[in-house]
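Have a look at the structure below, then the notes.
Note on naming: letters A, B, ... go to the chains in the order of the sequence lines (proteins, then strands), and numbering restarts at 1 for each one. Quick caveat, the model's predicted, so the values are computed rather than measured.
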Amino acid sequence: MQSVFSITSSGPGLYEFTDEARAFVRKSGTGGGLLTLFVQHTSCSIVIQENADPDVRRDLAEFFRRLAPHADQPSMGWIRHRTEGPDDMPAHLKAAVLPTSLSIPIVDGKLALGTWQGIYLFEHRDEPQTRRVVAHISS
Amino acid sequence: MQSVFSITSSGPGLYEFTDEARAFVRKSGTGGGLLTLFVQHTSCSIVIQENADPDVRRDLAEFFRRLAPHADQPSMGWIRHRTEGPDDMPAHLKAAVLPTSLSIPIVDGKLALGTWQGIYLFEHRDEPQTRRVVAHISS
Amino acid sequence: MQSVFSITSSGPGLYEFTDEARAFVRKSGTGGGLLTLFVQHTSCSIVIQENADPDVRRDLAEFFRRLAPHADQPSMGWIRHRTEGPDDMPAHLKAAVLPTSLSIPIVDGKLALGTWQGIYLFEHRDEPQTRRVVAHISS
């Protein structure tokens with residue numbers, strides 16, 4: 001069973017879609033199986049992270065902003081791919097370090113997430129985007 | 001077929017559980033399939049790494065300690081999430097960079113690991129923990 | 001259904017094998033399913049990245065060269081695992097940060113890659129290598 005989630009973003013950061021994933025699993029009627037999520041872009045990611053303190057998401061975005069700063073920063077003078085703006089190549093770098101696909105077991109009809117785990121689209125571009133995540137359930 | 005591995009850790013570093021994974025695959029009687037491992041936490045990871053020289057694991061832990069130092073280090077003054085101790089937010093950062101889920105093909109009834117590959121829980125917290133890894137076999 | 005792709009590399013960088021993956025999916029006759037790719041090594045990775053501007057791949061390789069420099073560089077004096085040359089431990093570090101396995105949904109008989117997504121072996125060693133990627137299709 002397959003579906004596509006459409007997620008809109010407005011700048012770098014984490015956008016939760018745990019509820020959409022849970023609803024898809026419920027609707028599928030799967031008892032035991034595996035949900036795989038795959039993002040069809042090379043400048044955003046999908047991550048599982050803490051869903052309690054919002055500061056965790058803020059610190060995550062800040063860490064990756066420091067790990068791969070915009071191409072107009074002095075430390076990034078070596079970047080060649082600059083045609084799509086200073087946030088573009090760093091977005092590809094973050095997309096390489098963070099997951100493009102994730103798989104979560106379904107146990108007793110429910111996603112086997114830990115207590116503090118939420119599922120997020122991690123946007124790396126500055127401008128608003130509409131992102132596609134393909135969801136697949138295997139038995 | 002599904003199972004849960006319980007892995008205890010005592011500080012940052014890599015804890016091998018290749019044997020548990022192999023035993024689960026053997027017990028399942030699967031000829032050809034896919035083993036997916038999923039860790040139910042946001043402050044540890046699962047990785048596949050070299051199982052020969054222990055210095056490789058030591059260097060890996062050291063690299064990540066330097067990539068995301070404790071929050072009480074001068075370079076980490078920008079961190080906001082500090083309520084659970086100086087090792088907590090860096091643990092979330094490492095958990096974002098390293099895998100939460102991994103999938104390994106099963107070929108002729110055996111995990112298709114390369115000669116030097118072992119499966120490890122990568123602990124990022126300082127205090128001892130008991131970690132849960134959910135294992136799922138798809139056909 | 002399973003297969004093994006053999007990919008030869010000649011130094012650090014990204015080697016595309018999207019066509020091999022598509023051909024395997026086509027040959028399998030799968031309508032809807034999931035392709036999982038798993039690399040049997042701990043010093044190279046598999047990534048999905050932009051397949052348009054070659055500068056993106058060049059910048060990616062350069063970013064990781066800077067993130068984990070060779071062990072004979074001054075900033076890497078802390079590395080202990082040195083028996084296989086100055087490019088070896090940094091290759092393991094990159095292999096930890098980048099994916100060992102990836103899963104891509106198959107929709108209507110085709111890999112559900114986004115417009116700009118290609119599948120690459122990311123080589124981290126300096127010397128030429130022959131790498132094995134195990135491919136598995138689940139329903």
Side-chain angles (χ1 to χ4, degrees), chain B residues 13-14 18 30-38 45-68 93-120 122 124 136-139, chain C residues 1-5 24 28 30 33-47 64 66-69 71 75-84 86 88-104 124-125 129-139:
Chain B
L14 287 85
T18 315
T30 309
L34 187 73
L35 172 69
T36 297
L37 301 169
F38 175 83
S45 307
I46 36 176
V47 297
I48 289 182
Q49 269 293 334
E50 194 190 280
N51 58 8
D53 181 0
D55 276 346
V56 171
R57 272 101 74 193
R58 181 265 175 195
D59 286 348
L60 272 167
E62 179 64 16
F63 175 77
F64 283 96
R65 196 187 64 79
R66 288 163 178 263
L67 185 69
L93 300 177
K94 291 166 197 160
V97 170
L98 290 160
T100 298
S101 73
L102 270 179
S103 294
I104 308 162
I106 301 165
V107 179
D108 296 335
K110 290 181 183 172
L111 278 180
L113 292 170
T115 313
W116 307 110
Q117 289 182 315
I119 310 171
Y120 297 86
F122 198 158
H124 307 313
H136 176 91
I137 294 178
S138 317
S139 60
Chain C
M1 187 165 171
Q2 299 179 323
S3 186
V4 178
F5 305 144
F24 172 56
S28 78
T30 310
L34 187 73
L35 172 70
T36 297
L37 301 168
F38 175 82
V39 67
Q40 291 186 305
H41 309 273
T42 60
S43 56
C44 65
S45 307
I46 37 177
V47 297
F64 283 96
R66 288 164 177 263
L67 185 68
S75 64
M76 301 301 271
W78 53 269
I79 285 186
R80 285 196 197 156
H81 177 74
R82 294 171 172 273
T83 44
E84 296 166 69
D88 185 57
M89 190 60 221
H92 292 308
L93 300 176
K94 292 165 196 160
V97 170
L98 289 159
T100 297
S101 73
L102 270 178
S103 294
I104 309 163
H124 307 313
R125 297 300 306 266
Q129 307 285 341
T130 302
R131 301 304 202 169
R132 288 168 57 92
V133 174
V134 183
H136 176 92
I137 295 179
S138 318
S139 59

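- Within the 4.5 angstrom heavy-atom criterion, only backbone atoms of B/Ile106 (N, CA, C, O) approach chain C.
- With chain C as partner, the option from B/Val56, B/Asn51, B/Val107 having the largest number of non-hydrogen pairs under 4.5 angstrom is B/Val56.
- Of all heavy-atom pairs between C/Arg125 and C/Glu84, the closest is NH2-O, 3.1 Å.
- The choice from C/Thr36, C/Leu93, C/Asp88 that makes the most heavy-atom pairs within less than 4.5 Å of chain B is C/Leu93.
- Of all heavy-atom pairs spanning B/Ala61 and B/Phe122, the tightest one is CA-CZ, 3.9 Å.
- Contact of C/Leu37 with chain B is not made at all, since no heavy-atom distance falls under 4.5 Å.
- If you measure heavy-atom distances from C/Thr100 to chain B, the contacts under 4.5 Å come from the side chain alone.
- When all heavy atoms are compared, the tightest approach of C/Ser45 to C/His124 is OG-NE2, 2.8 Å.
- Looking only at heavy-atom pairs under 4.5 Å with chain C, the residue among B/Ile104, B/Leu34, B/Val47 that has the most is B/Leu34.
- Of the atoms belonging to C/Val4, not a single heavy atom falls under 4.5 Å from chain B.
- Side-chain contact between B/Gln117 and B/Glu50 is absent, with no heavy atoms from C-beta onward closer than 4.5 Å.
- Within the 4.5 Å cutoff, the side chain of B/Leu35 has no heavy atoms near those of the B/Leu102 side chain.
- Contact record, C/Thr42 with C/Ala95: O-CB, 3.3 Å, taken as the closest heavy-atom pair.
- Residue B/Asp53 touches chain C through its side chain alone, counting heavy-atom pairs closer than 4.5 Å.
- If you tally non-hydrogen atom pairs under 4.5 Å between each of C/His81, C/Met76, C/His41 and chain B, the highest count goes to C/His81.
- Taking the side chain as every heavy atom from C-beta outward, C/Val97 and B/Phe64 approach each other to under 4.5 Å.
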